[in-house]
Student: 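First, the structure itself, so that you have it in front of you.
Because the structure is a prediction, the values reported are computed rather than measured. Naming: A, B, ... by sequence-line order, numbering from 1 per chain.
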Number of protein chains: 2
Amino acid sequence: MTTWVHVPQNSDFTIYNLPFGIFSTDGKSPRAGMAIGEQIVDLSVLAKADLIKVEAHNFLQSSLNDFIALGKSITNKVRLDVQQLLIDEVSPLKNRPDAFVPQDKATMHLPVQIGDYTDFYSSLEHATNVGKMFRDPENALLPNWKHLPVGYHGRASSIVVSGTEIHRPKGQVLPRGAETPVFKPSGRLDFELEMAFIVGKETKLGESILVDKASDYIFGMVLFNDWSARDIQKWEYVPLGPFLGKSFASSVSPWIVTLEALEPFKVSGPKQDPEVLPYLKYERPFNYDIQLEVTLAPENSEPQTICKSNFKYMYWNMAQQLAHHTVNGCNVKVGDMMASGTISGKDETAYGSLLELSWGGKKTIRLTNGQTRTFIEDNDTITLKGFAEKDFIKVGFGEVSGKILPAKK
Amino acid sequence: MTTWVHVPQNSDFTIYNLPFGIFSTDGKSPRAGMAIGEQIVDLSVLAKADLIKVEAHNFLQSSLNDFIALGKSITNKVRLDVQQLLIDEVSPLKNRPDAFVPQDKATMHLPVQIGDYTDFYSSLEHATNVGKMFRDPENALLPNWKHLPVGYHGRASSIVVSGTEIHRPKGQVLPRGAETPVFKPSGRLDFELEMAFIVGKETKLGESILVDKASDYIFGMVLFNDWSARDIQKWEYVPLGPFLGKSFASSVSPWIVTLEALEPFKVSGPKQDPEVLPYLKYERPFNYDIQLEVTLAPENSEPQTICKSNFKYMYWNMAQQLAHHTVNGCNVKVGDMMASGTISGKDETAYGSLLELSWGGKKTIRLTNGQTRTFIEDNDTITLKGFAEKDFIKVGFGEVSGKILPAKK
């Protein structure tokens, strides 16, 4: 497949991808678009011109929720119809420069209004590393971990789009050896390399999603940085889980890559041993080979790669996460976001957080500008990137980037 | 103050109360109303008749969010203006029977669209009881508990209004002495007696609410039943907190009692020792004397009181909860719901859950119909009630009721 639109070599946004997002340009309200190369296809223009068979009002909104709620039979058709329009040499789109907006002239917004946000903890390597550091090196993994995809509810209101600057959070911290906490800016600020999926179909309270049907309920995926203040988290999280150590912000990439675009990159996951309960059994491949990378850029310095991981390392897959989440009858809504948990690999260079890379602050990470890091310092920018590639087909996520500003006075 | 509307003796919905809710009647869309005695005042009718100075479209919605977002200067004025209309002997409302709907002819809905839901754990007695049972009787309270209001994010999508029937959840449970879990309907289904407040004013990401200003951000309160499956919870909750043991449903009462209506019932809370950090210091009274009661009714049997507690027992108050929640810069939105955690008193009859009343299933609760309970059985109905009363002024919450149906096949 080739398109008549210019797509630079190595672009994440090839003709095979066509992810959905919400953008705005000077003086106009946010609306829905699709990324191709360095351009955005304005879907409302296509709808008004009757080039796609969806009412334009579905695209003239500040979130994709209503469009996604139309269902995969319609959203997939829109994607394939636009793909055809971008391929055909005699395409009516060629005469519609108003349908294209350069990405560098647009502001990207959060692609969906997020009802509920859930964070899983589905990487065996990450859970083992954290268990070794926080609890017992001999029994790093808790007894429930291999029987169910451990997860918890997170804060939806503070999920922001790539590019949003975030102030270092303040909170209660227990100094080493002390018995009473102090109030201060976090001294152990971290990123977490994650991906998240967006729910595309709702269920009613009391319904459960069968593991074999779960992909019908997943619209697509984004990159997800679950910013974490380790010192705040450590003092607060027993017994009810992470709260203020996480809720100050999470950042997502603006383009939702559809599950259909990721289909060529499906792979099998790690063997699950012990065997899981029947409601979690998923025999077919449902992991994805998505290469992930994290860079850290100090103020006025070049970004430097500090981690390379892969989504395919996940022990629990998205179908199992969704089946488990709803097995008690909990209902899901369109726009709900479910993150993977930190994606770490076996190799030390594949650890998806500074907590693991610096092994709890004990190991120093050397930067090319001569500085060192154990955790994030003020004015550092953290960027997550991800793409899948196979047989000369590339489908990428772009990036999610965020700069940490000093704590507010 | 007296009103010309008939208010039965002992009604929760006196002229001093006037709570807001969302109701519907046959064939009409949900809209906003105010409870008085056995009637609902249809606020959209009053707005259209220019009897209150708010555009009617704010009331012709399926949630109160847009109305609440107008701010307390407007929402309080509406409440006081309607109060005056219900008091005046020569009131234009007397000629408007279309402005009244009998409560028994209306269906009540969830009063707000809930963005995020947070559950605190702010009763010293409850936290101590649970700590004794689940962990160490000698060190029941964890070291952080008296330094910060422990809380966690809950699931917003499964919060339902009073009267909604709920199927017993299924999930993974670890049988006593076993090493591998089984999948089954919960055998230890419980209620939790809680109250929740509704956020009335939003903050931006990075902002914190000062403890002294917190009441400006609280619109009002409801009764809250945080249904809990103890066996599912116990197996899943370490290390990231409660998840499926809670997310199958929470039930709320339909009428939001404003903070202003509760003003006469303010009392001081328990002395906090050790002293809290400055950002949590709140010197004035900010607890409320609200009498709470829980009844259990087996199928075809009378409801029987199984617990009497009081909101004033709370160790952490709502101002402290909100100041803590936002101290890291986490933003709040109008309609966010924040629950107290189980409200238990010192006395054994004041324990706000069956977990405590049956002491982990070891003590049997005798019912007048000859049956016994340790946890909830199929077709039991649990009802929470609450009211404040002082100097012949009564302000009540009505009730939140829910019946447990057998697990789905």
Side-chain angles (χ1 to χ4, degrees), chain A residues 115-119 121 134-135 142-144 147-148 150-158 160 164 166-167 169-172 174 179-183 205-206 208 229 232 235-245 247-249 274 277-279 324-325 327-333 336 408, chain B residues 115-119 121 134-135 142-144 147-148 150-158 160 164 166-167 169-172 174 179-183 205-206 208 229 232 235-245 247-249 274 277-279 324-325 327-333 336 408:
Chain A
D116 279 290
Y117 150 52
T118 299
D119 195 21
Y121 188 57
F134 276 32
R135 287 179 297 269
L142 288 164
N144 57 13
H147 294 285
L148 55 85
V150 170
Y152 67 103
H153 308 292
R155 181 83 191 172
S157 72
S158 55
V160 294
T164 308
I166 291 148
H167 286 276
K170 294 180 285 190
Q172 286 196 26
L174 190 70
E179 289 198 354
T180 23
V182 297
F183 180 74
L205 191 72
S208 303
I232 296 172
W235 169 236
E236 75 177 356
Y237 93 104
V238 178
L240 299 183
F243 189 45
L244 300 190
S247 66
F248 57 97
L277 282 163
Y279 81 93
H324 182 63
H325 203 313
V327 78
N328 68 342
C330 176
N331 56 327
V332 297
K333 292 186 174 175
D336 285 352
K408 285 196 174 180
Chain B
D116 278 291
Y117 150 53
T118 299
D119 195 21
Y121 188 57
F134 275 33
R135 288 179 296 271
L142 288 163
N144 57 13
H147 293 286
L148 55 84
V150 170
Y152 67 103
H153 308 291
R155 181 82 192 174
S157 72
S158 55
V160 294
T164 309
I166 292 147
H167 286 276
K170 293 179 285 190
Q172 286 196 26
L174 190 69
E179 289 198 355
T180 19
V182 296
F183 180 74
L205 192 72
S208 302
I232 296 172
W235 169 236
E236 75 177 356
Y237 92 105
V238 178
L240 299 182
F243 188 46
L244 301 191
S247 66
F248 58 95
L277 283 163
Y279 81 93
H324 182 64
H325 202 313
V327 79
N328 67 342
C330 176
N331 57 326
V332 296
K333 293 187 173 175
D336 285 352
K408 285 196 176 181

Student: Which one of A:Ser157, A:Pro278, A:Gly245, A:Gly241 has the most heavy-atom pairs closer than 4.5 Å to chain B?
Tutor: A:Ser157
Student: Between A:Leu244 and chain B, which part of the residue has a heavy atom less than 4.5 Å away: side chain, backbone, both or neither?
Tutor: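 Both backbone and side chain.
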Student: Quick one: which of B:Gly206, B:Gly154, B:Ala229 has the most heavy-atom pairs under 4.5 Å with chain A, could you say?
Tutor: B:Gly154
Student: Will you find, in the side chains of A:Ser247 and B:Asn328, an N or O donor that is under 3.5 Å from an N or O acceptor?
Tutor: yes
Student: Rounded to the nearest 0.5 Å, what's the gap from CZ on B:Phe243 to NE2 on A:His325? Could you check?
Tutor: 3.5 Å
Student: Do the side chain of A:Asp336 and the main chain of A:Asp116 share a donor and acceptor less than 3.5 angstrom apart?
Tutor: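 Judged by distance alone, yes, a pair lies under 3.5 Å.
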Student: I need the residue from A:Trp235, A:Phe134, A:Tyr152 with the largest number of non-hydrogen atom pairs under 4.5 Å to chain B.
Tutor: A:Trp235
Student: Tell me, side chain or backbone of A:Val182 under 4.5 Å from chain B's heavy atoms, or both, or neither?
Tutor: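 For A:Val182, the contact with chain B is made by the backbone alone.
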Student: How long is the span from the CG atom in A:Leu240 to the OH atom in B:Tyr237, to the nearest 0.5 Å?
Tutor: 8.0 Å
Student: Given the options A:Pro181, A:Ser158, A:Gly115, which has more heavy-atom pairs under 4.5 Å with chain B than any of the others?
Tutor: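 Among the listed options, the one with the most contacts to chain B is A:Pro181.
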Student: Give the minimum heavy-atom separation between A:Asn144 and B:Val238, together with the two atoms involved.
Tutor: ND2-O, 3.0 Å
Student: How many angstroms lie between atom CZ of A:Arg155 and atom CG of B:Asn331, to the nearest 0.5 angstrom?
Tutor: 6.5 Å
Student: Do you know which of B:Pro143, B:Pro169, B:Pro239 has the most heavy-atom pairs with chain A at a distance under 4.5 angstrom?
Tutor: B:Pro239
Student: Could you tell me which portion of B:Leu148 (side chain, backbone, both or neither) has an atom closer than 4.5 angstrom to a non-hydrogen atom of chain A?
Tutor: both
Student: Can you name the residues that form a salt bridge (charged side-chain N to carboxylate O under 4.0 Å, His left out) with A:Asp119, not counting sequence neighbours?
Tutor: none
Student: Go through the atoms of B:Lys170 and report whether side chain, backbone, both or neither lie under 4.5 Å from a heavy atom of chain A.
Tutor: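 Both the backbone and the side chain of B:Lys170 come within 4.5 Å of chain A.
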Student: Counting heavy-atom pairs under 4.5 Å with chain B, which one of A:His324, A:Arg135, A:Glu179 comes out on top?
Tutor: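 Option with the greatest count: A:His324.
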Student: Mind ranking A:Pro274, A:Gly171, A:Gly329, A:Gly151 by heavy-atom pairs under 4.5 Å with chain B and telling me who comes out on top?
Tutor: A:Gly151
Student: As an exercise, state the distance from CD1 of A:Ile166 to CG of B:Leu205, rounded to the nearest 0.5 Å.
Tutor: 7.0 Å
Student: Given heavy-atom pairs under 4.5 angstrom as the criterion, report whether the side chain, backbone, both or neither of A:His147 touches chain B.
Tutor: both
Student: Which region of B:Ser208, side chain (C-beta onward) or backbone (N, CA, C, O), has a non-hydrogen atom less than 4.5 Å from a non-hydrogen atom of chain A, or is it both or neither?
Tutor: neither
Student: Only counting residues at least two apart or in another chain, list the ones meeting ring pair (Phe, Tyr, Trp, His ring centres under 6.0 Å) with B:Phe183.
Tutor: A:Tyr279
Student: Do you know which of B:Lys333, B:Lys408, B:Gln172, B:Glu236 has the most heavy-atom pairs with chain A at a distance under 4.5 angstrom?
Tutor: B:Gln172
